[in-house]
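Everything on this sheet refers to the single structure shown next.
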Amino acid sequence: MSLDQATYERGKALSEAVNPGMEDALAARYDALVPGLSRMVVEVPYGTFYSRGVVEEKTRLLATIAALTAMGGQTKPQLKVNIASARAVGASRAEVCEIIYQMTLYGGFPAMINALNAAIEVFEAEDAA
């Protein structure tokens, strides 16, 4: 699936701003199995959905963290990426944890605990850097 160069460029700019190196990492891991997957991830989510500009980036990322938390423990890798991205655009640790905590009502206690554990891993990596 390919949209157009402008959509890709818009997605590339946003993905590099919030998650530098993501496309290259995806390409190295998955493009041999699914050719073009890395470009599709940049083009569709980042170029079409995330770059709409209706809500600010921090709000979008906090909403994404909420959704991933409510979905449960299988989302840990994506949750960590989005927590790190939210932190990169100015979300505080307290904001991230509060959003995760609020999802207890929708995803349950295990989902909240799993998401907090993912957040702790991101925060520990920040502290170690």
Just how far is it from atom CD of Q102 to atom CG of L62, taken to the nearest 0.5 Å?
-> 12.0 Å
Specify the closest pair of heavy atoms between K58 and V89, including all atoms of both residues, with the distance to one decimal.
-> CA-CG2, 3.8 Å
Decide if atom CE of M71 counts as having more than 12 heavy atoms of other residues, nucleotides or ligands within a radius under 6.0 Å.
-> no
Got a salt bridge between D24 and R29, using NZ or NE/NH1/NH2 to carboxylate O under 4.0 Å?
-> no
Among the clusters formed by ILVMFWY side chains lying less than 4.5 Å apart, do F49 and V42 turn up in the same one?
-> yes
Are V81 and V41 linked, directly or through other ILVMFWY residues, by side chains that come within less than 4.5 angstrom of each other?
-> no
Is the closest side-chain heavy-atom distance between I100 and I83 below 4.5 Å?
-> yes
Distance in Å, C97 SG paired with M112 CE, rounded so as to fall on 0.5 Å steps = 10.5 Å
Does a side-chain heavy-atom distance below 4.5 Å link F123 with V96?
-> yes
Shared hydrophobic cluster, I113 / L68 (ILVMFWY, side-chain heavy atoms < 4.5 Å) = yes
Mind checking the CD-CD spacing from E95 to E98? Nearest 0.5 Å is all I need.
-> 10.0 Å
Do I120 and F109 share a hydrophobic cluster (ILVMFWY, side-chain heavy atoms under 4.5 Å, transitive)?
-> no
Minimum heavy-atom distance L79-A118, with the two atoms named = CD2-CB, 4.1 Å
Supply the atom-to-atom distance S85 OG to R60 CZ, rounded to the nearest 0.5 angstrom.
-> 7.5 Å
Side chain to side chain, L26 and D31, heavy atoms closer than 4.5 Å | no
For the side chain of S51 and the backbone of R10, is there at least one donor-acceptor N/O pair under 3.5 Å apart?
-> no
Quick one: does N19's side chain have a donor or acceptor within less than 3.5 Å of a partner on M22's backbone?
-> no
Using a strict 4.0 Å threshold on nitrogen-to-oxygen distance, state whether E16 and K12 make a salt bridge.
-> yes
Treat each ILVMFWY residue as a node, draw an edge where side-chain heavy atoms are under 4.5 Å apart, and state whether L116 and L61 are in one component.
-> no
Side chains of E56 and T59, donor plus acceptor under 3.5 Å | yes
Minimal non-hydrogen separation, G72 against A111, with atom names = CA-CB, 4.1 Å
Please name the residue in the list E23, E43, R39 that meets the side chain to side chain donor-acceptor pair (under 3.5 Å) test with Y8.
-> E23
About how many Å separate OH of Y101 and OG1 of T69, when rounded to the nearest 0.5 Å?
-> 14.0 Å
dist M103:CE -> N114:CG (nearest 0.5 Å) comes out at 15.0 Å
If you take all heavy atoms of I65 and N82, which pair is closest and at what distance?
-> CD1-O, 3.8 Å
Minimal non-hydrogen separation, L14 against Y50, with atom names = CD2-CB, 3.5 Å
